[in-house]
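In what follows, a single structure is set out as structure tokens and then discussed.
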Protein chains: 2
Amino acid sequence: MNNHQWPVPEGEGVISAPPASSLRDENQPAGEVERLYLEIFDAVIDQRLRPGVKLTEAVLCDAFACSRGTVRAALAQLQHDKIVELQPNRGAFVAQPDIKETRDVFEARRMVEAAILDKLLSLPDLPDRLQQLWQMVRQERAAFERQDRVSWIRLSNAFHVQLVRLAENEVLTELMNSLCSRTSLIIALYDKPGCSACSFDEHEHILQQLSRGDRQAAQQAMRQHLQDCEERMHFADRNVPDPWTMFHRQL
Amino acid sequence: MNNHQWPVPEGEGVISAPPASSLRDENQPAGEVERLYLEIFDAVIDQRLRPGVKLTEAVLCDAFACSRGTVRAALAQLQHDKIVELQPNRGAFVAQPDIKETRDVFEARRMVEAAILDKLLSLPDLPDRLQQLWQMVRQERAAFERQDRVSWIRLSNAFHVQLVRLAENEVLTELMNSLCSRTSLIIALYDKPGCSACSFDEHEHILQQLSRGDRQAAQQAMRQHLQDCEERMHFADRNVPDPWTMFHRQL
DNA sequence: TTCCAAAATATTGTTGACAATTATCGACAG
DNA sequence: CTGTCGATAATTGTCAACAATATTTTGGAA
């Protein structure tokens, strides 16, 4: 399937020159598909959309007041992020990561997040930057105590993303975003509802070790935290989504 | 923009149940958009498509004999991978990573690839698995000596991807694929044409340290290799793409 | 009742057309 | 010669309709 020719400039090379620089206006609408993408992405992170749910194009069109073309573009991107699965001629479903993917995601997280702690400890003003994370852990605890599951899940993921964000590396930040969303799917599928998937105690412990500047202990705490989270998954009885609650925003 | 409701099952919950399991046929067409995606992805990796080139939808339709909807879906995915930039109402351009992105990509690669070496060294049959990489380095040298630039670039990227693939972690493999494609764009933009961006000598050196089982030395070699590659970039005079050669497959 | 086949329904894949926006070219004043 | 303005052309964003495929329902026989 590689037997074609890239188009050759017709005539005497009249194809337009590339743009001098990106002059994108950040305040602009930024595209309908991006909006849809983020909407569905957040719904999956928050576990309002559970794994296996069918995302019918017409329903999404109706819900977000846009055309099917927009929906299809957004779904294509979500598929590429492994958040939805696109089955030909059958439709889009919220992805259901299997055991292998679970292992891979957590292994990747252990590698990346431990490496990031290493970099964070080289920052001179790390204690200042950690302030917002202490704040975040307090919010986690509060959300947990008032049994606000959605806020708690969101904060639990946000903790890891914000920690990575301190490294001021957009590539790593986006990677962590992607890994957290996939982790959310995994937890939704395999975590016992009663169990706390990502405890704020452990987050607190990581922050303590970071504040002390103890590299070994901080990395060990992070690895253990992720390890514990992975081991809390039960693959025997997966949480099959309930057709009645599916598609129902449990705000 | 969050003030809508997820659709509620109408009537008495008649929305179809989720699929029991994925029964995707791997030999099937796998989608037109995936084909287009890979075609453009490879063209960027091989530097047949240079940064800044405008990807007109109609031209791509014509070139790959598909509809604009397909093209738009593929471009949306490529945008999300930071391989093309989609400017509203202006069109799609092959991305032009800036200095910040260059720093972030290489930093991420140093972290991830060093961490992966750590895991590889724990494999009992590592020497066996390294065989194919030795072979690959030989091919790199051969391609370089016969001045086959496209093959050489492709093999140079493939070395890193294959190395990661030994860890048998699909998440990390896909990540490395993405990072390599972005690196290709960076090299196309900022590397002096004469300089060798990714020398096979250094690849060989990494393999040597791995074979010896020297963790410290192997990681140091990898970090140094990526550091050297990054430092070879000159941001002063970027290689602005030539409108005449753009879009012309230099097979 | 249970099973199987076929029609009916619903959903996806694809195409084409039209509106909105942007880029290009030429005329013309400074 | 340079720069601005306006008309034309090209390109993108969006939508609606149709064909292809999958799912559900219906009907009938064992």
Side-chain angles (χ1 to χ4, degrees), chain A residues 7 9-25 28-37 52-79 84-94 243 246-247, chain B residues 7 9-25 28-37 52-79 84-94 243 246-247:
Chain A
E10 56 265 4
E12 52 284 1
V14 286
I15 290 188
S16 65
S21 69
S22 168
L23 36 96
R24 192 210 325 241
D25 190 347
Q28 279 312 96
E32 283 275 288
V33 355
E34 191 69 9
R35 180 175 70 91
L36 239 185
Y37 173 88
V53 170
K54 178 160 165 56
L55 298 171
T56 304
E57 295 180 359
V59 175
L60 293 174
C61 291
D62 179 53
F64 295 102
C66 60
S67 123
R68 276 183 58 213
T70 309
V71 169
R72 289 176 69 82
L75 289 177
Q77 291 190 36
L78 288 161
Q79 174 196 36
V84 312
E85 184 183 356
L86 237 54
Q87 297 183 20
N89 286 320
R90 290 208 47 210
F93 302 85
V94 178
M246 79 172 59
F247 255 123
Chain B
E10 56 266 5
E12 52 284 0
V14 288
I15 291 187
S16 64
S21 68
S22 168
L23 36 95
R24 194 211 323 243
D25 190 348
Q28 279 312 97
E32 284 275 287
V33 354
E34 191 69 9
R35 181 176 68 93
L36 238 185
Y37 173 87
V53 170
K54 178 163 166 53
L55 299 172
T56 304
E57 295 180 0
V59 174
L60 293 173
C61 290
D62 179 53
F64 295 101
C66 60
S67 116
R68 273 183 60 211
T70 309
V71 169
R72 290 176 68 82
L75 290 177
Q77 290 190 38
L78 288 162
Q79 175 198 33
V84 312
E85 184 182 356
L86 236 56
Q87 297 182 19
N89 286 319
R90 290 207 45 211
F93 302 85
V94 178
M246 79 171 60
F247 256 123

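Below, chains carry the letters A, B, ... as their sequence lines are ordered, and counting in each starts from 1.
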Identify all side-chain donor-acceptor contacts of residues 61-73 of chain B below 3.5 Å with residues at least two apart in sequence or on another chain.
| unit_1 | atom_1 | unit_2 | atom_2 | d |
| --- | --- | --- | --- | --- |
| B:Ser67 | OG | B:Gly69 | N | 3.0 |
| B:Arg68 | NE | B:Glu57 | OE1 | 2.9 |
| B:Arg68 | NH2 | B:Glu57 | OE1 | 3.1 |
| B:Arg72 | NH1 | B:Glu57 | OE2 | 2.8 |

Write down the protein N/O and nucleotide N/O pairs, taken from nucleotides 14-22 of chain D, whose separation is under 3.5 Å; answer none if there are no such pairs.
| unit_1 | atom_1 | unit_2 | atom_2 | d |
| --- | --- | --- | --- | --- |
| D:dC15 | OP2 | A:Ser67 | N | 3.3 |

Using atom names, set out every protein N or O paired with an N or O of nucleotides 5-7 of chain C below 3.5 Å, distance rounded to 0.1 Å.
none

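- Contact between B:Leu75 and B:Val84 at its shortest, heavy atoms only, is O-CG2, 3.6 Å.
- Note that the CD atom of B:Glu85 and the CG atom of B:Leu78 stand 13.0 Å from one another [nearest 0.5 Å].
- Rounded to whole Å, atom C1' of C:dT22 lies 13 Å from atom CD of B:Glu57.
- For the pair B:Gln87 CD and D:dT11 P, the computed distance is 16 Å after rounding to whole Å.
- In terms of heavy atoms, A:Leu86 sits closest to A:Ala76 at CD2-CA, 4.5 Å.
- The NZ-P distance, from B:Lys54 to D:dA10, rounds to 14 Å in whole Å.
- Rounded to whole Å, atom P of D:dT11 lies 12 Å from atom CZ of B:Phe93.
- Taken from NZ in A:Lys54 to CD in A:Gln87, the straight-line distance is 8.5 Å, to the nearest 0.5 Å.
- Rounded to whole angstrom, the span from the CG atom of A:Leu36 across to the P atom of D:dG13 amounts to 16 Å.
- Nearest heavy-atom pair across A:Phe93 and A:Gly52 is CD2-O, 3.7 Å.
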